[in-house]
Number of protein chains: 2
Amino acid sequence: MELTTAEENYLKAIYHLSDGGKKSVSTNDIAAEIRTKPASVSDMLRKLGEKEVIQYRKYYGLQITPLGMRLALQTIRKHRLWEVFLVDKLQFAWDEVHEVAEQLEHIQSPLLIERLDAYLNYPKFDPHGDPIPDAFGDVRSRPRIALNEMGIDQSGQIVAVKDSSPEFLRYLDKVGAYIGARIKVLDKVEFDGSIEILVDQKKNLFMSKEVAKNILILTL
Amino acid sequence: MELTTAEENYLKAIYHLSDGGKKSVSTNDIAAEIRTKPASVSDMLRKLGEKEVIQYRKYYGLQITPLGMRLALQTIRKHRLWEVFLVDKLQFAWDEVHEVAEQLEHIQSPLLIERLDAYLNYPKFDPHGDPIPDAFGDVRSRPRIALNEMGIDQSGQIVAVKDSSPEFLRYLDKVGAYIGARIKVLDKVEFDGSIEILVDQKKNLFMSKEVAKNILILTL
DNA sequence: AAATTAAATTAGAGTTATCTAAAAAATAAA
DNA sequence: TTTATTTTTTAGATAACTCTAATTTAATTT
């Protein structure tokens with residue numbers, strides 16, 4: 001089964017929006033994610049249906065097939081491995097990698113990915129803390145909750161971010177919140193959901209709910 | 001100036017076939033090189049002419065413009081840097097790199113290429129001995145002649161190969177002819193142009209003219 | 001110089017992916 | 001439960017790249 005670059009991008013978007021096949025996804029959602037028009041999405045869904053990577057009944061909705069799942073995970077694996085390469089080997093900052101990885105993920109060469117994986121020492125997570133599927137598509141995911149859902153005095157470790165936009169990542173750099181940091185919730189403001197945390201037992205950090213929602217924590 | 005992947009491939013082919021803008025190139029030659037039909041080439045030449053990367057007068061021929069030269073060299077630079085990466089870092093054999101580099105060369109990211117170049121320690125030649133243009137498109141080319149053009153008793157060093165097909169490169173691996181090897185011409189057969197050489201002062205090697213033509217030597 | 005052959009180009013059509021505008025179906029509201 | 005709204009799909013165009021078949025131009029041969 002061979003997918004075009006566009007098809008891979010749609011499938012990846014569907015995988016992400018459906019949270020790995022769990023939630024249902026709308027045509028409009030996909031259009032927004034891919035930054036295209038709903039009409040284009042409809043057309044592509046028909047094609048993806050014909051290729052049997054999704055099961056599609058028009059007006060009703062879609063479901064990723066096991067084949068589609070496998071292919072989506074393959075693309076995600078490639079994307080995240082390239083991100084690790086860019087950060088670990090080429091000194092990219094974590095907010096600079098997405099766009100380039102978006103291109104690199106479409107390179108077709110199983111040998112290349114095998115070798116890259118080995119060269120990087122079989123990393124389990126990308127620079128944003130997202131798990132890298134192995135060659136069989138298996139994902140070692142850690143149970144994690146958004147920072148805004150933690151209670152006062154609860155402790156944990158930042159393991160990933162939900163939003164990977166350069167704007168958000170640069171903000172985190174600025175305030176010193178990085179993946180791996182130990183944190184403890186000091187206070188929560190009921191009114192607006194903002195939160196105060198202690199980072200690495202030495203630095204107080206105050207942030208809005210909007211920010212906290214995009215920081216994922218492994219609780220201790 | 002932005003070129004599509006297809007345009008980059010055509011421009012690269014034109015650059016190679018014209019020997020860097022020296023020789024004239026025919027529509028048929030380009031079609032053969034790109035493995036496409038002459039009709040497609042005509043169409044593309046018109047487009048490349050409009051984009052002013054070549055000067056094109058139909059039925060007469062074409063000439064690369066300085067702009068086209070710069071863009072072609074940029075693509076070649078990327079191709080060869082990726083080849084070095086694949087061989088030096090990912091343990092690819094020199095006959096396995098071409099196809100993958102053909103894809104990687106189209107990744108658009110100036111930062112990526114800068115960083116890759118630095119990471120590889122600013123290599124001057126790719127695994128086949130071809131010079132890598134620097135960021136300004138300057139090429140440090142060495143004067144070199146084909147092995148079949150050398151005279152008896154002449155010595156030199158293998159610096160590059162003309163043919164980069166897996167078949168040819170694997171043959172060279174098998175007989176122990178590698179880039180960097182010191183060689184000396186022991187005998188030449190007038191009848192068929194075949195040649196006998198001494199490799200690294202210890203190994204005798206007999207080869208056809210067809211093979212010798214594709215081995216490039218830096219004479220001492 | 002006319003006729004033949006070879007090379008290059010145009011015409012017309014197909015594929016992939018996109019769009020706008022219009023129509024159809026499903027959902028929400030009155 | 002009819003009406004209104006939102007969502008989704010189809011219809012028809014466009015752009016990039018390719019092809020086959022037909023035509024035009026250039027080069028060769030007689």
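Protein chains get the first letters and strands the later ones, always in sequence-line order, with residue 1 at the start of each.
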Counting side-chain heavy atoms from C-beta on, which of [options] comes nearest to [X]?
X: A:Ser40; options: D:dT18, C:dT16, C:dC19; result: C:dC19
X: A:Tyr59; options: D:dA26, D:dA16, D:dT8; result: D:dT8
X: B:Thr27; options: C:dA8, D:dA11, D:dA21; result: C:dA8
X: A:Ser26; options: D:dT8, C:dT9, D:dT18; result: D:dT8

Any side-chain N or O of B:Thr36 below 4.0 angstrom from OP1/OP2 of D:dC17?
no
Taking only side-chain nitrogens and oxygens of B:Tyr10, does any of them come within less than 4.0 Å of OP1 or OP2 of D:dT18?
yes
Whole angstrom value for the distance that separates [atom2] of [N] from [atom1] of [X]:
X: A:Asn28; N: D:dT7; atom1: CG; atom2: C1'; result: 6 Å
X: A:Lys58; N: C:dA23; atom1: NZ; atom2: P; result: 17 Å
X: B:Tyr60; N: D:dA26; atom1: OH; atom2: P; result: 6 Å
X: A:His106; N: C:dT16; atom1: NE2; atom2: C1'; result: 15 Å
X: B:Lys47; N: D:dA16; atom1: NZ; atom2: P; result: 6 Å
X: A:Arg57; N: C:dA26; atom1: CZ; atom2: C1'; result: 13 Å
X: B:Met44; N: C:dT10; atom1: CE; atom2: C1'; result: 17 Å
X: A:Asp43; N: C:dT20; atom1: CG; atom2: P; result: 14 Å

Partner of A:Trp82 under side-chain contact (heavy atoms from CB on, under 4.5 Å), picked from A:Val87, A:Leu120, A:Ile113, is A:Ile113
Between A:Arg77 and A:Asp117, is there a salt bridge with N-O shorter than 4.0 Å?
yes
Do the charged groups of B:Lys47 and B:Glu7 touch, with an N to O distance under 4.0 Å?
no
When the ring planes of B:Tyr119 and A:Phe85 are compared, do they come out parallel, tilted or perpendicular, using 30° and 60° as the limits?
perpendicular
What nucleic acid atoms does A:Ala39 come within less than 4.0 Å of, heavy atoms only: base, sugar-phosphate, or nothing?
base
Check every strand shown and say whether A:Ser42 touches a base, only sugar-phosphate, or nothing at a heavy-atom separation below 4.0 Å.
base
Any residue meeting side-chain contact (heavy atoms from CB on, under 4.5 Å) with B:Thr75, in chain and number order, not counting sequence neighbours:
B:Glu8, B:Lys12, B:Glu105
Note down the inter-axis angle between the two ends of the helix from C:dA1-D:dT30 to C:dA30-D:dT1, five pairs each, to the nearest 10°.
10°
Under 6.0 Å between ring centres, would you say that holds for A:His98 and A:His128?
no
Give a yes or no on this: more than 12 heavy atoms of other residues, nucleotides or ligands lie within 6.0 Å of atom CD of B:Gln63.
no
